[in-house]
Structures are given as structure tokens and as C-alpha cells.
Protein chains: 2
Amino acid sequence: MLKHMLDQSVNLDRTFQALADKSRRSMVERLTVGPASISQLAEPLDMSLAAVVQHVQVLEACGLVTTKKVGRTRMCRIEPSAMTAAERWMADRRRGWEDRLNQLGDVLADVALGEEAP
Amino acid sequence: MLKHMLDQSVNLDRTFQALADKSRRSMVERLTVGPASISQLAEPLDMSLAAVVQHVQVLEACGLVTTKKVGRTRMCRIEPSAMTAAERWMADRRRGWEDRLNQLGDVLADVALGEEAP
DNA sequence: ACGACAGACAAGCAGTTACTTGACTGTTTT
DNA sequence: AAAACAGTCAAGTAACTGCTTGTCTGTCGT
């Protein structure tokens with residue numbers, strides 16, 4: 001249950017990292033429409049097939065995409081659930097400040113440190 | 001309005017990249033409670049002050065954090081609005097498949113490709 | 001069976017990231 | 001004024017990224 005939190009953190013690392021790339025995001029967008037092969041993903045992307053495969057591997061490593069070989073093509077599809085951890089982390093932070101004493105905390109800190117004025 | 005979309009993309013890159021690091025995420029979590037100085041951020045983190053400064057710079061570059069020097073200390077606080085772009089991107093993708101023809105699309109693709117069965 | 005296709009695998013490479021240390025600059029404290 | 005404090009800046013480094021090319025393995029159409 002402690003290990004769980006570490007794994008969780010590692011997975012957030014991987015998910016955010018995966019999404020921190022325009023090409024990878026565009027693949028996810030493409031897959032939102034429906035499953036696609038590696039070469040279909042590659043088509044609009046101006047890079048080698050091998051590069052696309054590597055990107056897909058990154059997306060697989062964080063669980064955002066699952067693949068399955070069918071004949072000589074590899075079909076890829078998104079795994080919606082893989083994004084919830086990242087979404088939740090963001091939502092939690094947002095609640096953390098929007099709800100709570102953030103305005104209050106800021107004001108107090110500003111006063112205490114003499115915000116803008118001598 | 002075309003350039004806008006590119007900037008947007010670059011900013012998503014930076015935001016996701018910023019969040020793809022446990023130390024940086026923990027700083028954001030800490031700042032959710034309220035503003036903090038560099039050394040306060042550094043305290044639980046087992047790395048040099050200089051390293052923490054560099055992390056803060058990354059968070060500043062994507063707008064997630066703003067800082068202001070007060071005397072010899074630099075106070076940091078979160079900028080809630082900076083996360084909305086990333087949140088929206090995820091929410092949009094989620095809608096993209098959950099709502100729409102995803103189940104349908106998957107089923108059709110499976111049938112067309114002979115899912116699991118010869 | 002043959003060549004073309006879709007991808008797999010490995011090595012290599014330029015650029016970036018996440019640190020470090022050490023010397024330096026302002027700011028408080030005493 | 002001197003010492004301690006909170007950062008700052010510049011190099012340097014080891015590991016990681018995002019590609020490439022070339023070779024090799026299966027699969028499909030003919």
C-alpha cells in the first residue's frame with residue numbers, strides 16, 4: 001500500500017511524459033476516432049515507421065494504448081481508463097486550491113511579506 | 001489563429017513535461033497548500049538548492065507557477081489557470097471516445113479483421 | 001514461389017534533462 | 001562590519017529522448 005503509491009507516481013510520470021509530445025498526442029487524437037495500424041498512424045506524421053513504432057511503445061508503456069498484431073499489421077487502440085489517474089491528479093490539485101484557503105493564504109502571505117508596498 | 005494552435009501545442013508540451021516529474025509534482029502539491037520559498041520547497045526533497053531552482057524555472061516556463069523575489073527569498077505560488085489547457089485536452093479526448101461511436105467502431109473493426117476467431 | 005508489404009530489432013547520434021559542484025551576489029542578523 | 005543566509009550563475013556530466021539507417025522476419029497478393 002506504500003508501494004502502490006510509488007507505482008502510481010511512476011505511472012503518472014510515464015503518462016504525463018507520453019502526452020508531452022505533439023506527435024504522440026496526435027496519435028491519441030487519431031485513435032480517438034477509432035483503431036488504426038502503425039502505418040495509418042504514421043501517414044500524417046513525417047517520420048520513419050520505426051519512429052512511430054517507438055512512439056506507440058511509449059504510449060503502450062503507460063497503458064494509454066493497447067496493440068494487437070493481426071496478420072502483418074499491428075492494430076492500436078486507446079485505453080480510456082489509463083488517463084484517469086492523470087486527470088484525477090489535476091482535478092485534485094485544482095480542488096486543493098480553488099476550494100480551500102488559497103485566497104486567504106495568499107492574502108496572509110502578501111501582508112506578512114509586504115506585497116508591492118514598502 | 002493558426003499560430004495560436006502551434007503555441008497552444010508547445011504550451012501543452014511544456015505543461016505535460018513539467019508534470020512528468022515526481023519532484024515537480026510534489027512542489028505543485030506543496031504550493032497548493034499555499035505559497036512557499038525555494039528553500040521551503042527544497043526541504044523535503046533531497047537535492048541541492050540549485051536543482052530546486054531549476055525545477056521551479058521549468059514550472060514557471062509553462063506558467064504553472066509564478067515567483068517574486070522578496071528580500072533575499074523567492075516566493076512561489078501556483079497559477080491555477082495554467083493547468084486548464086492540459087485538463088481540457090484530456091477531457092476532450094475522453095469525450096471523443098466515450099460519447100461517440102467508439103464501441104461501435106471497435107466492434108466493426110474487430111469483425112472486419114476477424115477478432116480472435118479464424 | 002516471388003516480390004512487395006508491414007513491422008521488428010539494433011546500433012548510433014545529436015540534443016535535452018536532471019542533476020552536481022564551486023564561485024559569486026545581494027540580504028539579514030548579530 | 002562580519003558572518004550566515006537565500007539564492008544565482010556557469011560549467012560539467014551521466015542518463016535519457018527522439019530520431020535515423022540498415023538489416024532481418026514474417027505475411028500477403030499474384
Side-chain angles (χ1 to χ4, degrees), chain A residues 9-28 30-31 35-62 64-77 109 112-115 118, chain B residues 9-28 30-31 35-62 64-77 109 112-115 118:
Chain A
S9 180
V10 168
N11 209 51
L12 277 181
D13 278 19
R14 281 203 265 258
T15 305
F16 282 127
Q17 183 72 35
L19 295 177
D21 183 280
K22 187 169 165 45
S23 307
R24 245 130 47 192
R25 281 197 307 276
S26 82
M27 290 181 195
V28 170
R30 169 58 242 275
L31 290 174
S37 70
I38 299 282
S39 9
Q40 285 172 329
L41 290 178
E43 191 230 63
L45 242 46
D46 192 34
M47 65 177 72
S48 73
L49 253 198
V52 173
V53 172
Q54 285 164 18
H55 279 305
V56 168
Q57 283 167 353
V58 171
L59 291 168
E60 263 190 291
C62 70
L64 269 172
V65 165
T66 60
T67 75
K68 184 186 174 191
K69 199 137 191 202
V70 173
R72 63 180 165 178
T73 80
R74 175 173 295 278
M75 287 305 279
C76 312
R77 67 182 51 180
L113 289 157
E115 161 96 319
Chain B
S9 181
V10 168
N11 210 52
L12 276 182
D13 279 19
R14 281 203 266 257
T15 304
F16 281 127
Q17 183 73 37
L19 294 177
D21 182 281
K22 187 168 166 44
S23 308
R24 246 132 43 193
R25 280 198 309 277
S26 80
M27 290 179 195
V28 170
R30 167 60 242 273
L31 289 174
S37 69
I38 300 282
S39 7
Q40 285 173 330
L41 290 178
E43 191 233 62
L45 242 46
D46 193 33
M47 66 178 71
S48 71
L49 253 197
V52 173
V53 171
Q54 284 164 19
H55 279 305
V56 168
Q57 283 166 354
V58 171
L59 291 168
E60 263 190 290
C62 71
L64 270 173
V65 165
T66 60
T67 75
K68 183 187 175 188
K69 200 140 190 201
V70 172
R72 65 180 164 179
T73 82
R74 175 173 296 278
M75 285 307 277
C76 311
R77 66 182 50 179
L113 288 159
E115 160 95 320

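All of these numbers come straight from a predicted model, not from anything done at the bench. Order of the sequence lines sets the chain letters (A, B, ...), proteins ahead of strands, with each chain counted from 1.
Within the 4.5 Å cutoff, the side chain of A:Lys22 has no heavy atoms near those of the B:Leu12 side chain. Looking at heavy atoms from C-beta onward, A:Asp13 lies out of side-chain contact with B:Asp21 at the 4.5 angstrom threshold. Taking the side chain as every heavy atom from C-beta outward, A:Leu59 and A:Val28 approach each other to under 4.5 Å. Two residues are said to be in side-chain contact when any heavy atoms from C-beta on lie closer than 4.5 Å; B:Leu64 and B:Leu19 meet this criterion. Looking at heavy atoms from C-beta onward, B:Arg30 lies in side-chain contact with B:Gln40 at the 4.5 angstrom threshold. A:Arg74 is not listed as a side-chain neighbour of A:Lys68, based on a closest heavy-atom distance of 4.5 Å or more.
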I'd like a list of close polar pairs between nucleotides 28-30 of chain D and the protein, N/O only, cut-off under 3.5 Å.
none

Protein-nucleotides 10-13 of chain C N/O pairs under 3.5 Å:
none

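Between the side chains of A:Glu60 and A:Thr66, not a single donor N or O lies within less than 3.5 Å of an accepting N or O. Under 3.5 Å, the side chains of A:Ser9 and B:Arg25 contain a donor-acceptor pair of N or O atoms.
Rounded to an integer number of Å, the gap from NE2 of A:His55 to P of D:dG18 is 6 Å. Rounded to a whole Å, the CZ atom of B:Arg14 is 20 Å from the P atom of D:dT17. The separation between B:Met27 atom CE and C:dA18 atom C1' is 11 Å, rounded to whole Å. Taking atom CZ of residue A:Arg74 and atom P of nucleotide C:dC9, one finds them 8 Å apart after rounding to whole Å. Taking atom CD1 of residue B:Ile38 and atom P of nucleotide D:dC9, one finds them 12 Å apart after rounding to whole Å. Regarding B:Met47, its CE atom lies at a distance of 13 Å from the P atom of C:dT21, rounded to whole Å. Between the P atom of C:dA6 and the CG atom of A:Leu45 lies a distance of 17 Å, rounded to the nearest Å. Between the CD atom of B:Gln57 and the P atom of D:dC9 there is a distance of 8 Å, given to the nearest Å.
Comparing D:dG18, C:dA8, D:dT20 against the side chain of A:Ser48 picks out D:dT20 as the nearest. Side-chain proximity of A:Leu49 to C:dA6, C:dA8, C:dC19: nearest is C:dA6. Closest to the A:Ser23 side chain, of the nucleotides C:dC19, D:dC19, D:dT8, is D:dC19.
For the pair B:Gln17 and B:Gln40, nearest-nucleotide mapping onto DNA chain D gives the more 5' position to B:Gln40.
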Do any side-chain atoms of residues 50-58 of chain B form donor-acceptor pairs under 3.5 angstrom with protein atoms, and if so which ones, sequence neighbours left out?
unit_1: B:His55; atom_1: ND1; unit_2: B:Arg24; atom_2: NH1; d: 3.2

